[in-house]
Every structure is written in structure tokens, then in C-alpha cells.
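To start, the structure under review is shown below, and the notes come after it.
Start at 1 with the first residue, then count along the sequence. Only heavy atoms go into these numbers, but all of them, side chains included; no hydrogens, no water, no symmetry mates.
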Amino acid sequence: MLRYTIRRLVQLVGVVLVLSLLLFAWMRSLPGGPVSALLGERATPESREALTKQLGLDQPIFVQYFKFLGRAASGDFGVSTGVQPGDSALDIFLQRFPATIELSFFAIVIAIAVGVPLGYLAAKRRGGWFDNFSVIGSLIGVAVPVFFLAYVLKDVASDALGLPSFGRQGDIDATRVTGFFTLDGLLTGEFDATLDALEHLILPAIALATIPFAVIFRITRAAVLDVLDEDFVRTAESKGLTAPVIRRRHVLRNSMLPVVTTIGLQTGALLSGAVLTEKVFVIPGVGQALAIGFERRDYPVLLLLIIMATIVYVVVNLLVDLSYALIDPRIRTR
């Protein structure tokens, strides 16, 4: 298991390096480039040429890339030109990353807490009204765009339920420790700040959770249906084992591998939905920074945020692979 983990970590480094090179080359090939973003539309040919030499953009792409890696190793990813002009790209990431992680965490928790039990119950009652109703609900969850549901929740549900519709927290003078508002309140004993942060997370987390919920529900339902038809389940029933034991030891455990894989993929993909959700609910996270960065051609911030999103995605899938051994003991011997 240790050897497998080390091998996957080495692969992680390789994936990040290859992707960073491709991303770096793509950023340099975009129309305008960093020079146009810094100088604006009124730049003269002389000023463009001078800045190009100053930034080293006249050098071969591999030379530029290795210089970028050298600066990145010391924490220098460049300075923002659009998201927060003048601020370090790394500082922007560190400021905004907790907001996106907090939102994504609560969204995937909602998706799992609702999707897995509903998927199991729908499979146990296949063909019934509950099964049909749940399948229709999951189809709606996949079909409705995230931004549309976000606007509906913001404009309708927030008024009806009295929930906040923008930002991460209200007018509360809370102490900041980690950047995770819900956790900071618990660490400092300011529980009203934690409750306020949770209220601000409810609507955006529900909006972001709809697609992961629908996918997790359908995969859980299909996996449980496959396991229920296996001989070992019928054998357990014929032995007189109770329903909770059969459900816990035989059905759920044997149907969890595809579900865990799906959860990992959906967790990594939450960032794409966070771009729209954070913009609608005015949450200062990585998704909002990506949207602003593309609008204003903030190349240093875009490069760093996309690389960090890749690292998060790969790490999540590594954790999913490692969790297989806990779910299925047979994998430990391979």
C-alpha cells in the first residue's frame, strides 16, 4: 500500500508538471498576451517591444517555462493585473481558496447525504412510485443549469426562507484565523459567526450540490440494483440475517466502489460549478477570481488558479483510490 501511494504521488508530480507546461504555452499563445493586459489598448509598438524584453517573452517558450518554475519554487507566481491589481497571485489564491473549499465541502456533503440514501431506497423499491419520483428528480437535477437554479434560489428562496443571498458573512466583527469562516467561529468561540457563515452557505451549497447529487443518486441506485441480484445477498437472506446486517455488510459495502469513484470525480469537478455559483452569490472565492481573470486577462492569476485546481483534482482522486482498500479488502493484496 505504501509503495502504491508513493508511486501515485510521483505520478501526481508528473501530471502537474506536464499540465503546467501545456497551460503555460497556451497562456503565451492567447491573443494579446500579458503585454496587452499590462499596457492596455493604447500601447505603442515601442512600449510593447520594451515590455516584451523586460518580461523575457522574446525568449523560447521552454526557457520562459523553466524560469517560471524557478520563481514558482520560491512562491513567486507573478503579480495580478486584473483580479486585484498589484497583489501577488499567490496571496490572491490563499485569500480566496478557503471560500471555495468551504462551499465545495458543504455542497458535496449535501450531495452525499441525500444522494446515497435516496439511491439505496430507490433501488430497494424499484418500479414503485418512490423510485420513479426519485429518478425524475435526479434528471431535473442534471438538466437544470447551475446558474439558473442559483438565480432562482437567490431571488425566490432567499426571500421566502429569510436566508442571506450574497457574500460569506454579514456585518459581524469576527476573528479570522484560518480563512474558513465556519471553522474560525468554532476555534475562537464566536459561535454566532459560525451560524451566520452557515446561513450564508445554505443556498449556494444547495445550488452547487444539485448536479453531484443527481449523479451520485443514479450511480448508487444502479450499483445497489446490481448487488441486490447477486447470489451472496440471497444466501444471506436465506441464512436469516437481519435486514440491517445485510444492508450494511453485503449490499452497501459491495456497491460503494463505483459510488466512491463518482464522489471523487464530482468533488474534483465542483470548481467548474463554483465559477458560476460564486459569481451569482458574490462569494469571493477561486471561482469568482477565475471569472474575473478571464474577463480582464489576468494571466498570472489564471495560471496559478488552474494549476492549483489540477492539484486538488489529482489529490482527491488519489484519496479515492486509497479508500478502495478500506472498502474492498481484496484490493490490499493486489
Is there a side chain to side chain contact (heavy atoms under 4.5 Å, CB included) between F106 and I202 once you walk through the steps?
CA-CA 8 Å; F106 281 97; I202 291 175; over 6 Å; no
Step-by-step side chain to side chain contact (heavy atoms under 4.5 Å, CB included) determination, Q266 to F213
CA-CA 9 Å; Q266 291 300 313; F213 151 72; over 6 Å; no
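Tracing side-chain contacts under 4.5 Å through hydrophobic residues (I, L, V, M, F, W, Y), one reaches V152 starting from I283; they form part of the same cluster.
At most 12 non-hydrogen atoms from other residues, nucleotides or ligands lie less than 6.0 angstrom from CZ of F105.
When all heavy atoms of F217 and S134 are compared, the pair lying nearest together is CZ-CB, 3.3 Å. Residues A150 and V280 approach most closely at CB-CG1, 3.8 Å, considering heavy atoms.
Side-chain atoms of D298 and S80 form a donor-acceptor pair, as typed in the model, at a separation below 3.5 Å.
Between E102 and R168, at least one side-chain nitrogen of the basic residue sits less than 4.0 Å from a carboxylate oxygen of the acidic one, meeting the salt-bridge criterion. Between D131 and K124 there is no salt bridge, since none of the side-chain N atoms of the basic residue sits less than 4.0 Å from a carboxylate O of the acidic one.
Aromatic ring centroids of F24 and Y65 lie under 6.0 Å apart.
The backbone N or O of L163 lies less than 3.5 Å from no partner atom in the side chain of E199, so there is not a single donor-acceptor pair.
When the options L305, I92, V312 are evaluated for a side-chain contact (heavy atoms from CB on, under 4.5 Å) with F97, the one that passes is V312.
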